[in-house]
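Structure first, then comments.
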Amino acid sequence: MKKSNSKSTKKPEIPLTSLIKPDLTSPKSLKSNSIGKEKEENKINVIYWHRTDLRLKDLPALNKLLNKNENEIKKINNFWPIWCFDPNYLYKHRVGLNRWNFLLESINNLSLEYKKLNKNQKLWVLRGKPFLIFKKLIKDWKITHIVWEKDSNAYSKIRDEKIITLAKELGVEIITTPGRHLYDPDEVIKANKGKPTMTLHQWQSITSKMKDIDKPFPAPESIPDPGPSDLKDHHEENWGEYEGIDLNADVRTGKDTCFDSLTGPSDDPFSVPTMEQLGFPPATTTIHGGTIEGYRRLKLFLSDPEKVSTFSKPHSAPTSLEPSTTLLSPYIKFGCIGIRELWWGCKEVVEKWRKNGGKGETKEPENMFGQLQFRDMYACAEAAIPNFERIRGNSICKYIDWSLQNQYDKNGNEILPRPKDEKDEQAEKRFEAWKKGETGFPWIDACMRQLKYEGWIHHLARHSVACFLTRGQCYISWERGMEVFDEWLIDWDPASNPGNWMWLSASAFYSQYFRVYGLVSWPQKTDKTGELVRKYCPELKDFPDKYIYCPHLAPLTIQEKSNCIIGKNYPFPILNEQLEKELCISKLKDSYKLNFNGNHLEVLNGNVNKKLKELHENNGNTHFKKSEENEKKRKAKGEGALDKFIKREKK
DNA sequence: CCGTCGTTGAACTT
DNA sequence: AAGTTCAACGACGG
């Protein structure tokens, strides 16, 4: 900190025109309205708050600041790019080791990128609640402008609104620009009369009337110096009151223990913490963060015109050891790469491919563009719908009487952490087995173990495990699965994750609940040898291909030969796939018939389960009997999964 | 009200 | 390998 202070006194005053190449697509600059006090007004102290954009290229918010400055103010006096570890956020989301690691690598990398442009610069890392931090920084660093990329996520909106109010009170200007998505979700919702976009087609028809997606914004060529950056640590300090709240009380009293200081270690203030400093063991993932790595992967993808042009998500293999997709999602999630660079990069490549007579070009929705549009569609749904990440109070989420749903007190407040459901011991057991990767279904177990180990699984593998947990077999609330993905996925996204869980559980977006992924037949479509299972469930690695997805059907002699006894070295399946599937479908049918969404009065009252139980009893008993009869018939005929596989093999 | 369509199923037929 | 049927929902456009 001392170093940068002494250097900042000899600050070269960089004209802003040299900071960035002119960009014709960017908004016109505002006119000056402060001619009288020009000299004073012309000097501005700026914080750029990085949240969803850990890169230096294609930053619309930075571009807006610099363009605006060109005419209005001329010079940035001091400039601090910051990152803020927000304990509220970290408590809300149980961020797992691999995502932590990816984040730390990404902010580290961004800090180095700043240093490359200005050796006095870095990413200034702070630890604490953003509102409190800004209250302090605005005063101590004499901040006049705060810049950030707009975030329409529910939590971010509340957090940012508080800071916008504070800034208004203190006369600080906030410059915020959308940039995280192809289109600003709030604008799309406005164009859709306040309603969420519930189908891709709907999203497309609305955005087709809006102006085209921005071209990528250029990177700055240089970065101004920071100012004197001394900040007293906040342990014992009283930060005063705001709205009657003692601002620093949580830290002083030790209630807020997420980070023990505002600026980090005293010998290296504002530094990026290491996993070790945070008390974490090393991450297990082989996927590494950073804008350099992100652009390397983007370039690699774009260098293969055939792959880009014929990309088809539904036909990519979830079973392969090497990812069959781009693996760009974590870099998009953390903003290590710009979404406009990916979009226009692909457009350019596909156009060239088409001109050169390339064959087999794919179209939306399964192609690359469709995938990015789906991401936007979920963001637009999330931004428009309160309680998007839960069932209760969610207006688009079909109510289904899942086991292990969120629990609420009499006032409708969620009880956290969720108490174990003693009455539903079977569901708790199924959930634990699913999470641990010990269901006895190798395909599910391999996916769940890969998810925990790598922080990433193929999109279709996510479908498979999500379908199994919810509408397929286990009949467990998607809220539970969503939480596990929140903890383990590196590329976790606040809109896509709940959105996809609702999709896969047929709670919203998708309704064909009778289409259930087979636990044996489905992975066999893309890999009969089970290489993913052999890697992540090594106890099964010696089984012949025939039994790799259904080892419990192997005769004991083969189990012995394969050095793995089912029920001893690997679990026997926790449930009967076909029977549970039929039960689930019949129950889903009842819920669809009732047709209550999460915001229905009977759901809020807690009366809905009684109603559904009645339906299950009236219709369900016959369904149940039917299912059991079917099961008996299957057994009599010997139509297990293995028999089907053998039949197919003979062909 | 009806017909069509919907990113990614499974089993069967040709 | 590609097409059909199964059983059947909701959004959307007419």
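What you see is a predicted model, and the numbers here were worked out from it, not measured in a lab. Because only heavy atoms are used, hydrogens play no part in the values below, and waters and symmetry mates are left out as well, while side chains stay in. Below, read A as the first sequence line, B as the second, and so on, with proteins coming before strands; counting in each chain starts at 1.
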Nearest 0.5 Å, what's the CG-CG distance between A/N387 and A/N599?
->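 Rounded to the nearest 0.5 Å, the CG-CG separation comes out at 9.0 Å.
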Taken to the nearest 0.5 Å, the spacing of A/Y536 OH from A/E531 CD works out to 10.5 Å
Using only side-chain N and O atoms of [X], determine if any of them is under 4.0 Å from OP1 or OP2 of [N].
| X | N | result |
| --- | --- | --- |
| A/K398 | C/dC9 | no |
| A/R515 | C/dA8 | no |
| A/Q202 | C/dC12 | yes |

Could you give the [atom1]-to-[atom2] distance, from [X] to [N], as a whole number of Å?
| X | N | atom1 | atom2 | answer |
| --- | --- | --- | --- | --- |
| A/W203 | B/dG6 | CH2 | C1' | 18 Å |
| A/Y510 | C/dA8 | OH | P | 14 Å |
| A/W503 | B/dT8 | CH2 | P | 6 Å |

Quick one: which of [options] gets closest to the side chain of [X]?
| X | options | result |
| --- | --- | --- |
| A/S511 | C/dC9, B/dT7, B/dT8 | C/dC9 |
| A/N595 | C/dA8, B/dT7, C/dG10 | C/dG10 |
| A/Y592 | B/dG9, B/dT8, C/dG10 | C/dG10 |

If pairing requires Watson-Crick or G-U wobble contacts with both distances under 3.5 Å, which nucleotide is the partner of C/dA8?
->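 None - no nucleotide pairs with C/dA8, as no candidate has both distances under 3.5 Å.
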With both distances under 3.5 Å as the test, what is the Watson-Crick or G-U wobble partner of B/dT7?
-> none
The single option from A/D58, A/D186, A/D493 passing salt bridge (Lys or Arg N to Asp or Glu O under 4.0 Å) against A/R180 | A/D493
Report which part of the nucleic acid A/H459 touches: base, sugar-phosphate, or nothing (heavy-atom distance under 4.0 Å, all strands).
-> base
Partner of A/D401 by side chain to side chain donor-acceptor pair (under 3.5 Å), out of A/K611, A/H616, A/K610, A/K587 | A/H616
Under the criteria of a ring-centre distance below 5.5 Å and an interplanar angle below 30°, is A/Y513 stacked with the base of C/dC9?
-> no
